[in-house]
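For reference, the structure is listed below as C-alpha cells.
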Amino acid sequence: MQGVFGDSEKRHAQHLTARGAELLHTDPAGAEACYWDAIRLDPELYPAWFDLGLIYKWSRRWLESFDCNLQAAELVGERPEEPAWWNLGIAATALHRWDVARRAWRAYGVVLPDGDGPIEADLGYTPVRINPDAGAEVVWGHRIDPARVRLTSIPFPESGHRWADVVLHDGEPRGSREFEGAQRPVFNELVRWAPSDMPTIVMTISSDGPDGAQQIDDLVGLINRAGHMIEDWSRNTRLLCAHCSESDVPHDHVGVTVPEDGSFRRLGVAGPAEVVRELVDDWEFWPTRRCESFEVND
C-alpha cells in the first residue's frame, strides 16, 4: 500500500510541475507555489528544482537560486552542458561562492585557470545589454569568467553604469552584434556586480573651419594618448528599438543626427575630471575650437 501511495504522490507532483511550467513565464508566483507543492510530494523532482532556480535567478534572489540550482545539479549529476550547473555558477558568482562557482563551471565543461577566489580568465570580447528591463543599451566588454564582463565601452550616464564596471550576466543569448567579421552573442545583465569608481564625462565639442572634424579628432587622440578612455558617441552609437536590439538583423532607425563634416560631436570620457578638463582647456586655446558643455557624472 505504501508503494501505491508513493506512486500517487509522484504522479500528483508531476501534474503540479506541469502546471508550474504553464505558468512559468506569465505567473512566476503561481508557478513557484506549484513547484514547492510538487517538491513536498517528491523531493527528487529535478524539473521543479530547476525551474525554481530560474524564477529566483530572474528575481535576483540569489540564496534561493543557489540552493535550488544546487539541488537540481546534484540530482542530475555532473555532465557537460547541463543548464543546472550553469545557473548554479551564476548564483554562486553572485554570492562570491568561488569554490562552488569553479566546480559548477567545470562540471558544465568550461576550462578555467587554476586558483582560488575570484576568477580572472580571458574568455574574449562580448556585448552585454545593461538594464535590460528598462532599455536596450548594448555595450562591449571583456568576459572574465562565464558570467561576468568588465565593460570596455563607456555607457551613457543615464544607464547608471560606468566604464570598467563588472556586470553579472545571464547565459542565454539575446541577439548578436558583429565584431571583427563574426557575430558575437549579446547577454542580458543580471546585476551590476562591481561598480567602477571612474566618473563619466560627457562633452559636446565643436570646431569651425574646413578642418573642424580633424581638430576634434586631435582632441580625441590627445585624451587617448594621456591614458583615458574616450568614445565618439556621435559617430559610434547606433540607436535601436528594444525589439531590434534583440534581433540579429535590426531595421533602420532615426536617431540623433550630427553635421556630416563631423565639426560638432558628443564625446564620452572615462577619466579624472580635473585632468580631462585641463586637456580640453589646452585644446580649446584656439578661437575656432569650443567645448560647448562639460558634464561630470560621478
| What's the verdict on side chain to side chain donor-acceptor pair (under 3.5 Å) for S207 and Q215, showing C-alpha distance, side-chain angles and the deciding distance? | CA-CA 7 Å; S207 182; Q215 291 188 40; 3.1 Å; yes
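Judged by the 6.0 Å and 45° rule, R143 forms no cation-pi pair with Y125.
Remark: the backbone N or O of P146 is not paired with any side-chain donor or acceptor of W86 at under 3.5 angstrom. Side-chain atoms of S65 do not come within 3.5 Å of backbone N or O of R61 as any donor-acceptor pair. Between the side chain of R184 and the backbone N or O of G124 there is no donor-acceptor pair closer than 3.5 Å. Looking at E137, its side chain does come within 3.5 Å of a backbone N or O of F156 through a donor-acceptor pair. Between the side chain of R265 and the backbone N or O of I216 there is no donor-acceptor pair closer than 3.5 Å. Counting only distance, with no hydrogens or angles, the side chain of S196 and the backbone of W163 share a donor-acceptor pair below 3.5 Å. The closest donor-acceptor contact from the side chain of H161 to the backbone of S159 lies under 3.5 Å.
Checking Q183 against S176 by side-chain atom types alone, a donor-acceptor pair falls below 3.5 Å. No side-chain donor from either of Q71 and D67 sits under 3.5 Å from a side-chain acceptor of the other.
The aromatic rings of W36 and Y56 are tilted relative to each other, their planes meeting at an angle between 30° and 60°.
Aromatic pair W140/F179: ring centres closer than 6.0 Å.
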